Amino acid sequence: MGEGDAAFRLDGLVGLVTGGTRGIGAAIAAEFAAAGARVIVTGRNGEQAVAAARALGGDAAGFAYDAAEPGGAEALAAAVAQRFGRLDLLVNNAAILKPHRIDKVSGEEIDLIFATNVRSPLLLCRHLHPLLAGSTAGAVVNIGAAGGHVPMAGIGAYSASKAALINLTRTLAKEWAPDGIRVNALTPGSVATDMILPRDPERRARFVAEMGETNLMKRIAAPIEIARAVRFLASGAASFITGQVLIADGGLLA
Ligand SMILES: NC(=O)c1ccc[n+]([C@@H]2O[C@H](COP(=O)([O-])OP(=O)(O)OC[C@H]3O[C@@H](n4cnc5c(N)ncnc54)[C@H](OP(=O)(O)O)[C@@H]3O)[C@@H](O)[C@H]2O)c1
(Lines give C-alpha, C1' and ligand atoms only; values in the text may rest on other atoms or scores of the structure.)
Protein backbone atom coordinates (compact mmCIF):
# COMPACT_ATOMS: atom_id res chain seq x y z
CA MET A 1 0.00 0.00 0.00
CA GLY A 2 1.42 3.39 -0.98
CA GLU A 3 1.24 6.33 1.41
CA GLY A 4 -1.74 7.89 -0.39
CA ASP A 5 -3.65 4.61 -0.23
CA ALA A 6 -4.41 5.15 3.47
CA ALA A 7 -6.90 7.84 2.41
CA PHE A 8 -8.98 5.15 0.70
CA ARG A 9 -9.29 3.11 3.93
CA LEU A 10 -12.47 3.27 6.04
CA ASP A 11 -11.05 1.82 9.25
CA GLY A 12 -13.10 2.56 12.35
CA LEU A 13 -15.99 4.04 10.37
CA VAL A 14 -19.60 2.83 10.42
CA GLY A 15 -21.42 2.78 7.07
CA LEU A 16 -25.06 2.13 6.22
CA VAL A 17 -25.90 0.75 2.77
CA THR A 18 -29.61 0.53 1.97
CA GLY A 19 -30.52 -2.38 -0.27
CA GLY A 20 -27.29 -4.18 0.63
CA THR A 21 -28.71 -7.66 0.17
CA ARG A 22 -27.77 -8.05 -3.50
CA GLY A 23 -26.61 -6.30 -6.65
CA ILE A 24 -24.71 -3.02 -6.40
CA GLY A 25 -25.58 -2.53 -2.71
CA ALA A 26 -24.08 -5.90 -1.73
CA ALA A 27 -20.90 -5.02 -3.65
CA ILE A 28 -20.68 -1.62 -1.90
CA ALA A 29 -21.16 -3.28 1.50
CA ALA A 30 -18.40 -5.82 0.73
CA GLU A 31 -16.08 -3.05 -0.52
CA PHE A 32 -16.70 -0.96 2.64
CA ALA A 33 -16.07 -4.00 4.86
CA ALA A 34 -12.86 -4.83 2.98
CA ALA A 35 -11.77 -1.21 3.53
CA GLY A 36 -12.18 -1.67 7.30
CA ALA A 37 -15.66 -0.23 7.93
CA ARG A 38 -18.34 -1.74 10.12
CA VAL A 39 -21.29 -2.08 7.76
CA ILE A 40 -25.06 -2.06 8.19
CA VAL A 41 -27.04 -3.52 5.31
CA THR A 42 -30.78 -3.36 4.85
CA GLY A 43 -33.35 -5.31 2.86
CA ARG A 44 -37.11 -5.62 3.00
CA ASN A 45 -36.71 -9.10 4.47
CA GLY A 46 -34.93 -8.93 7.84
CA GLU A 47 -33.58 -12.49 7.64
CA GLN A 48 -32.03 -11.83 4.24
CA ALA A 49 -30.49 -8.62 5.57
CA VAL A 50 -29.01 -10.48 8.56
CA ALA A 51 -27.69 -13.23 6.23
CA ALA A 52 -26.10 -10.58 3.97
CA ALA A 53 -24.46 -8.97 7.02
CA ARG A 54 -23.19 -12.35 8.25
CA ALA A 55 -21.59 -13.00 4.86
CA LEU A 56 -19.59 -9.78 5.31
CA GLY A 57 -18.08 -11.03 8.58
CA GLY A 58 -16.72 -8.72 11.26
CA ASP A 59 -19.07 -6.43 13.15
CA ALA A 60 -21.68 -6.09 10.39
CA ALA A 61 -25.41 -5.76 11.06
CA GLY A 62 -28.48 -6.46 8.96
CA PHE A 63 -31.76 -4.60 9.50
CA ALA A 64 -35.19 -4.99 7.92
CA TYR A 65 -36.13 -1.80 6.09
CA ASP A 66 -38.87 -1.17 3.59
CA ALA A 67 -38.05 2.16 1.97
CA ALA A 68 -41.68 2.60 0.93
CA GLU A 69 -43.02 2.18 4.49
CA PRO A 70 -44.04 5.41 6.27
CA GLY A 71 -42.04 5.70 9.49
CA GLY A 72 -39.41 3.26 8.23
CA ALA A 73 -36.59 5.81 7.95
CA GLU A 74 -37.07 7.09 11.49
CA ALA A 75 -37.16 3.53 12.87
CA LEU A 76 -34.00 2.58 10.94
CA ALA A 77 -32.17 5.66 12.22
CA ALA A 78 -33.15 4.73 15.78
CA ALA A 79 -31.93 1.14 15.27
CA VAL A 80 -28.57 2.40 13.94
CA ALA A 81 -28.20 4.77 16.90
CA GLN A 82 -29.02 1.99 19.37
CA ARG A 83 -26.72 -0.64 17.80
CA PHE A 84 -23.68 1.50 16.88
CA GLY A 85 -24.22 4.91 18.50
CA ARG A 86 -22.58 6.54 15.48
CA LEU A 87 -22.75 6.75 11.69
CA ASP A 88 -20.07 8.04 9.35
CA LEU A 89 -21.17 6.90 5.89
CA LEU A 90 -24.62 6.62 4.33
CA VAL A 91 -25.23 5.12 0.90
CA ASN A 92 -28.77 5.56 -0.39
CA ASN A 93 -28.72 2.65 -2.83
CA ALA A 94 -32.11 0.90 -2.49
CA ALA A 95 -34.37 1.76 -5.41
CA ILE A 96 -36.91 0.25 -7.73
CA LEU A 97 -37.27 0.46 -11.48
CA LYS A 98 -40.70 0.01 -13.04
CA PRO A 99 -40.34 0.35 -16.79
CA HIS A 100 -43.34 2.08 -18.32
CA ARG A 101 -44.15 4.69 -20.87
CA ILE A 102 -45.62 7.76 -19.16
CA ASP A 103 -49.05 7.04 -20.65
CA LYS A 104 -49.06 3.57 -19.05
CA VAL A 105 -47.64 4.11 -15.53
CA SER A 106 -50.24 4.01 -12.75
CA GLY A 107 -50.59 6.42 -9.83
CA GLU A 108 -49.73 3.59 -7.40
CA GLU A 109 -46.54 2.81 -9.31
CA ILE A 110 -45.52 6.49 -9.34
CA ASP A 111 -46.11 6.70 -5.57
CA LEU A 112 -44.05 3.54 -4.95
CA ILE A 113 -41.17 4.72 -7.14
CA PHE A 114 -41.00 8.15 -5.50
CA ALA A 115 -41.45 6.78 -1.97
CA THR A 116 -38.59 4.31 -2.48
CA ASN A 117 -36.21 6.33 -4.66
CA VAL A 118 -36.68 9.89 -3.29
CA ARG A 119 -38.69 10.07 -0.08
CA SER A 120 -36.67 7.32 1.63
CA PRO A 121 -33.20 8.83 0.92
CA LEU A 122 -34.47 12.26 1.96
CA LEU A 123 -35.96 11.04 5.23
CA LEU A 124 -32.97 8.81 6.02
CA CYS A 125 -30.72 11.83 5.57
CA ARG A 126 -32.98 13.87 7.81
CA HIS A 127 -33.20 11.29 10.60
CA LEU A 128 -29.54 10.26 10.41
CA HIS A 129 -28.26 13.85 10.32
CA PRO A 130 -27.50 14.02 14.06
CA LEU A 131 -25.27 10.92 13.83
CA LEU A 132 -23.56 12.02 10.60
CA ALA A 133 -22.94 15.49 12.03
CA GLY A 134 -21.20 13.87 15.00
CA SER A 135 -18.66 12.22 12.68
CA THR A 136 -15.35 13.72 11.60
CA ALA A 137 -15.65 11.80 8.30
CA GLY A 138 -19.36 12.20 7.49
CA ALA A 139 -20.21 11.36 3.89
CA VAL A 140 -23.37 10.51 1.96
CA VAL A 141 -23.42 8.87 -1.46
CA ASN A 142 -26.73 8.73 -3.31
CA ILE A 143 -27.00 6.30 -6.21
CA GLY A 144 -28.33 8.02 -9.34
CA ALA A 145 -28.99 6.72 -12.84
CA ALA A 146 -28.35 7.87 -16.40
CA GLY A 147 -32.06 8.66 -16.76
CA GLY A 148 -31.60 11.27 -14.04
CA HIS A 149 -29.31 13.19 -16.40
CA VAL A 150 -30.91 12.68 -19.82
CA PRO A 151 -34.48 11.70 -20.76
CA MET A 152 -34.92 8.00 -21.56
CA ALA A 153 -38.14 6.82 -23.20
CA GLY A 154 -39.87 4.00 -21.32
CA ILE A 155 -38.50 4.70 -17.82
CA GLY A 156 -39.80 8.23 -17.27
CA ALA A 157 -41.07 7.92 -13.69
CA TYR A 158 -37.86 6.19 -12.53
CA SER A 159 -35.75 8.79 -14.36
CA ALA A 160 -37.71 11.66 -12.79
CA SER A 161 -37.11 10.13 -9.34
CA LYS A 162 -33.35 9.91 -10.00
CA ALA A 163 -33.25 13.50 -11.30
CA ALA A 164 -34.91 14.50 -8.01
CA LEU A 165 -32.34 12.53 -6.02
CA ILE A 166 -29.46 14.21 -7.85
CA ASN A 167 -31.00 17.62 -7.15
CA LEU A 168 -31.46 16.65 -3.50
CA THR A 169 -27.80 15.61 -3.36
CA ARG A 170 -26.64 19.09 -4.32
CA THR A 171 -29.06 20.80 -1.92
CA LEU A 172 -27.85 18.63 0.96
CA ALA A 173 -24.23 19.35 0.08
CA LYS A 174 -25.00 23.06 0.57
CA GLU A 175 -27.01 22.62 3.75
CA TRP A 176 -24.59 20.18 5.40
CA ALA A 177 -21.18 21.59 4.46
CA PRO A 178 -21.12 23.57 7.75
CA ASP A 179 -21.55 20.25 9.59
CA GLY A 180 -18.56 18.75 7.75
CA ILE A 181 -20.74 16.24 5.88
CA ARG A 182 -19.93 15.72 2.21
CA VAL A 183 -22.85 14.71 -0.03
CA ASN A 184 -22.28 13.31 -3.51
CA ALA A 185 -24.01 11.07 -6.02
CA LEU A 186 -22.71 8.20 -8.10
CA THR A 187 -24.48 7.46 -11.36
CA PRO A 188 -23.87 3.96 -12.70
CA GLY A 189 -24.37 2.93 -16.30
CA SER A 190 -25.74 -0.53 -17.04
CA VAL A 191 -24.69 -2.99 -14.34
CA ALA A 192 -25.23 -6.76 -14.27
CA THR A 193 -27.88 -7.06 -11.51
CA ASP A 194 -31.42 -8.37 -11.01
CA MET A 195 -32.74 -4.85 -11.66
CA ILE A 196 -32.05 -4.94 -15.37
CA LEU A 197 -31.12 -8.50 -16.38
CA PRO A 198 -33.86 -10.71 -17.90
CA ARG A 199 -34.24 -14.06 -16.11
CA ASP A 200 -34.35 -16.13 -19.28
CA PRO A 201 -30.70 -17.05 -20.17
CA GLU A 202 -31.13 -16.49 -23.92
CA ARG A 203 -32.82 -13.11 -23.52
CA ARG A 204 -30.24 -12.22 -20.89
CA ALA A 205 -27.30 -12.89 -23.22
CA ARG A 206 -28.92 -10.82 -25.99
CA PHE A 207 -29.72 -8.00 -23.54
CA VAL A 208 -26.16 -7.90 -22.16
CA ALA A 209 -24.74 -7.68 -25.70
CA GLU A 210 -27.21 -4.95 -26.74
CA MET A 211 -26.73 -2.85 -23.59
CA GLY A 212 -22.97 -3.15 -23.95
CA GLU A 213 -23.18 -1.61 -27.42
CA THR A 214 -24.70 1.60 -25.98
CA ASN A 215 -21.51 2.78 -24.24
CA LEU A 216 -17.90 3.43 -25.23
CA MET A 217 -16.49 0.44 -23.32
CA LYS A 218 -18.80 -1.93 -25.26
CA ARG A 219 -19.83 -3.92 -22.19
CA ILE A 220 -21.96 -3.61 -19.09
CA ALA A 221 -20.34 -3.19 -15.66
CA ALA A 222 -19.85 -5.64 -12.81
CA PRO A 223 -21.23 -4.35 -9.46
CA ILE A 224 -17.68 -4.14 -8.01
CA GLU A 225 -16.78 -1.46 -10.58
CA ILE A 226 -19.50 0.76 -9.14
CA ALA A 227 -18.68 -0.17 -5.54
CA ARG A 228 -15.04 0.98 -5.90
CA ALA A 229 -16.19 4.39 -7.17
CA VAL A 230 -18.64 4.70 -4.25
CA ARG A 231 -15.86 3.81 -1.81
CA PHE A 232 -13.73 6.57 -3.31
CA LEU A 233 -16.49 9.17 -2.80
CA ALA A 234 -17.12 7.93 0.75
CA SER A 235 -13.45 7.92 1.72
CA GLY A 236 -10.99 10.58 2.80
CA ALA A 237 -9.51 10.36 -0.72
CA ALA A 238 -12.49 12.52 -1.79
CA SER A 239 -12.14 14.94 1.14
CA PHE A 240 -12.56 18.07 -1.04
CA ILE A 241 -15.42 16.71 -3.19
CA THR A 242 -19.01 17.57 -2.34
CA GLY A 243 -22.19 18.37 -4.29
CA GLN A 244 -20.93 16.38 -7.28
CA VAL A 245 -22.14 13.48 -9.38
CA LEU A 246 -19.52 10.95 -10.41
CA ILE A 247 -20.66 9.11 -13.52
CA ALA A 248 -19.38 5.53 -13.86
CA ASP A 249 -21.12 4.50 -17.06
CA GLY A 250 -18.48 3.25 -19.47
CA GLY A 251 -18.91 6.49 -21.42
CA LEU A 252 -22.67 6.14 -22.04
CA LEU A 253 -23.27 9.85 -21.35
CA ALA A 254 -19.93 11.06 -22.77
N1 LIG B 1 -28.33 -2.15 -12.38
C2 LIG B 1 -28.21 -1.10 -13.13
O3 LIG B 1 -27.95 -1.21 -14.35
C4 LIG B 1 -28.38 0.28 -12.56
C5 LIG B 1 -28.16 1.38 -13.42
C6 LIG B 1 -28.28 2.65 -12.91
C7 LIG B 1 -28.59 2.85 -11.57
N8 LIG B 1 -28.79 1.76 -10.77
C9 LIG B 1 -29.11 2.05 -9.36
O10 LIG B 1 -28.26 1.29 -8.53
C11 LIG B 1 -28.91 0.99 -7.30
C12 LIG B 1 -28.88 -0.49 -7.01
O13 LIG B 1 -29.49 -1.16 -8.09
P14 LIG B 1 -29.29 -2.72 -8.37
O15 LIG B 1 -29.13 -2.84 -9.83
O16 LIG B 1 -28.27 -3.30 -7.45
O17 LIG B 1 -30.75 -3.23 -7.99
P18 LIG B 1 -31.29 -4.64 -7.45
O19 LIG B 1 -30.36 -5.72 -7.85
O20 LIG B 1 -32.70 -4.67 -7.90
O21 LIG B 1 -31.19 -4.44 -5.87
C22 LIG B 1 -31.99 -3.47 -5.27
C23 LIG B 1 -31.74 -3.46 -3.80
O24 LIG B 1 -32.68 -2.54 -3.21
C25 LIG B 1 -33.45 -3.19 -2.22
N26 LIG B 1 -34.81 -2.70 -2.27
C27 LIG B 1 -35.69 -2.72 -3.29
N28 LIG B 1 -36.85 -2.18 -2.94
C29 LIG B 1 -36.72 -1.81 -1.65
C30 LIG B 1 -37.58 -1.19 -0.73
N31 LIG B 1 -38.84 -0.84 -1.03
N32 LIG B 1 -37.12 -0.96 0.52
C33 LIG B 1 -35.87 -1.31 0.86
N34 LIG B 1 -35.00 -1.89 0.03
C35 LIG B 1 -35.43 -2.14 -1.21
C36 LIG B 1 -33.35 -4.67 -2.55
O37 LIG B 1 -33.42 -5.40 -1.34
P38 LIG B 1 -34.57 -6.46 -0.99
O39 LIG B 1 -35.15 -6.95 -2.28
O40 LIG B 1 -33.82 -7.48 -0.22
O41 LIG B 1 -35.55 -5.67 -0.19
C42 LIG B 1 -31.95 -4.80 -3.15
O43 LIG B 1 -30.99 -5.00 -2.15
C44 LIG B 1 -30.34 1.56 -7.44
O45 LIG B 1 -30.38 2.83 -6.87
C46 LIG B 1 -30.52 1.66 -8.95
O47 LIG B 1 -31.48 2.63 -9.30
C48 LIG B 1 -28.71 0.50 -11.22
Side-chain angles (χ1 to χ4, degrees), residues 16-31 39-53 55-56 62-73 75-76 90-99 108-109 111-121 123-124 140-150 152 155 157-166 168-169 185-199 204 207-208 210-212 214-215 217 219-227 229-230 245-250 252-253:
L16 167 61
V17 183
T18 63
T21 50
R22 54 196 163 86
I24 294 169
I28 296 168
E31 185 66 16
V39 186
I40 303 148
V41 292
T42 73
R44 281 165 295 183
N45 179 307
E47 282 173 21
Q48 283 175 16
V50 168
L56 293 171
F63 292 135
Y65 173 59
D66 186 339
E69 194 70 34
L76 178 59
L90 167 62
V91 182
N92 283 304
N93 165 80
I96 50 167
L97 166 65
K98 293 205 171 284
E108 289 76 19
E109 283 166 329
D111 285 348
L112 190 60
I113 288 169
F114 274 79
T116 310
N117 300 3
V118 185
R119 187 176 174 275
S120 160
L123 287 179
L124 275 178
V140 177
V141 183
N142 294 322
I143 305 299
H149 300 262
V150 295
M152 291 194 172
I155 54 169
Y158 171 79
S159 296
S161 76
K162 291 296 187 176
L165 184 60
I166 288 166
L168 177 69
T169 300
L186 186 292
T187 283
S190 299
V191 187
T193 71
D194 296 344
M195 180 174 273
I196 64 163
L197 292 181
R199 280 164 197 254
R204 178 180 281 226
F207 179 85
V208 167
E210 282 169 12
M211 291 306 280
T214 62
N215 66 48
M217 309 295 282
R219 64 176 178 82
I220 68 172
I224 182 69
E225 295 181 278
I226 305 305
V230 172
V245 188
L246 178 57
I247 301 177
D249 68 348
L252 174 72
L253 298 177

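Residues take their numbers from the sequence shown, with the count starting at 1. In this text, all values refer to a predicted model and were calculated from it rather than measured experimentally. For ligands, and for the atoms within them, numbers begin at 1 and follow the listed sequence.
In this structure, the protein non-hydrogen atom closest to atom 16 (O) of ligand 1 is Ile24 N, 2.8 Å. The protein non-hydrogen atom at the shortest distance from atom 27 (C) of ligand 1 is Arg44 NH2, 3.6 Å. Among protein heavy atoms, the minimum distance from atom 2 (C) of ligand 1 is reached at Val191 N, 3.6 Å. Nearest non-hydrogen protein atom to atom 12 (C) of ligand 1 is Asn93 OD1, 3.1 Å. When hydrogens are left out, the protein atom nearest atom 21 (O) of ligand 1 is Arg22 NH1, 3.6 Å; that is the closest non-hydrogen contact. Ranking protein heavy atoms by distance to atom 9 (C) of ligand 1, first place goes to Ile143 CG2, 3.6 Å. Looking from atom 1 (N) of ligand 1 to the surrounding protein, the closest heavy atom is Thr193 OG1, 3.1 Å. Atom 17 (O) of ligand 1 has its closest protein heavy atom at Met195 CB, 3.5 Å.
Contact annotation for Ile96 and ligand 1: only side-chain heavy atoms (C-beta onward) come within less than 4.0 Å of the ligand. Contact annotation: for Ile196 versus ligand 1, heavy atoms closer than 4.0 Å belong to the side chain alone. In Thr116, the part holding a heavy atom less than 4.0 Å from any atom of ligand 1 is the side chain.
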Please step through side-chain contact (heavy atoms from CB on, under 4.5 Å) for the pair Val141 and Ile28, ending with a clear verdict. CA-CA 11 Å; Val141 183; Ile28 296 168; over 6 Å; no
Between Ile166 and Thr187, does the side-chain contact (heavy atoms from CB on, under 4.5 Å) criterion hold? Intermediate values first, please. CA-CA 9 Å; Ile166 288 166; Thr187 283; 4.1 Å; yes
Given Ile96 and Ile113, is the side-chain contact (heavy atoms from CB on, under 4.5 Å) satisfied, shown in steps? CA-CA 6 Å; Ile96 50 167; Ile113 288 169; 4.3 Å; yes
Criterion side-chain contact (heavy atoms from CB on, under 4.5 Å) on Ile155 and Leu97, from CA distance to verdict: CA-CA 8 Å; Ile155 54 169; Leu97 166 65; 3.7 Å; yes
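Residue-ligand proximity, Asp194 to ligand 1, at heavy-atom distances under 4.0 Å covers atoms 19 (O). The atoms of ligand 1 that sit less than 4.0 Å from any heavy atom of Ser190 are 3 (O). With ligand atoms numbered from 1 in the order given, ligand 1 contributes 30 (C), 31 (N), 32 (N) to contacts under 4.0 Å with heavy atoms of Asp66. Close approach of ligand 1 to Ala95 (heavy-atom distance below 4.0 Å) involves ligand atoms 24 (O), 27 (C), 44 (C), 45 (O), 47 (O). If you number the atoms of ligand 1 from 1 as listed, the ones under 4.0 Å from a heavy atom of Gly144 come out as 7 (C), 9 (C). With ligand atoms numbered from 1 in the order given, ligand 1 contributes 6 (C), 7 (C) to contacts under 4.0 Å with heavy atoms of Ala145.
Ligand 1 lies nowhere less than 4.0 angstrom from a heavy atom belonging to Ala192. Remark: distances from the non-hydrogen atoms of Thr18 to ligand 1 are all 4.0 Å or more. Put simply, part of Lys162 is less than 4.0 Å from ligand 1, judged by heavy atoms.
Of all non-hydrogen atoms in Glu109 and Lys98, the two that sit nearest each other are CG-CD, 3.8 Å.
Among the atoms of Thr21, some N or O lies under 3.5 angstrom from an N or O of ligand 1. Here's the thing with Gly43: none of its N/O atoms is less than 3.5 angstrom from an N/O atom of ligand 1. At least one N or O atom of Tyr158, backbone or side chain, sits closer than 3.5 Å to an N or O atom of ligand 1. Taking any N or O of Gly19, backbone or side chain, at least one lies under 3.5 Å from an N or O belonging to ligand 1.
When the side-chain contact (heavy atoms from CB on, under 4.5 Å) test is applied to Asp111, no partner is found at least two apart in sequence or on another chain. The side-chain contact (heavy atoms from CB on, under 4.5 Å) test applied to Asp249 returns Ile247, Leu252, Leu253, not counting sequence neighbours.
The main-chain N or O of Gly19 is found under 3.5 Å from a side-chain atom of Thr42 such that the two form a donor-acceptor pair. The main-chain N or O of Asp66 is never found under 3.5 Å from a side-chain atom of Arg44 such that the two would form a donor-acceptor pair. Side chain of Glu225 to backbone of Ala222: a donor-acceptor contact under 3.5 angstrom is found. When atom types are taken as modelled, the side chain of Thr193 and the backbone of Ile24 share no donor-acceptor pair closer than 3.5 angstrom.
Atoms OG and CG, on Ser120 and Leu165 in that order, are 9.5 Å from each other to the nearest 0.5 Å. Asn92 contributes atom CG, which lies 8.5 Å from atom OG1 of Thr169 (distance to the nearest 0.5 angstrom).
When the options Asn93, Leu76, Val91 are evaluated for a side chain to side chain contact (heavy atoms under 4.5 Å, CB included) with Leu16, the one that passes is Leu76.
Closest heavy-atom approach to atom 24 (O) of ligand 1 among the candidates Ala94, Pro121, Gly147, Ala248: Ala94.
Within the 4.5 Å cutoff, no side-chain heavy atoms of Val41 are placed close to those of Thr21.
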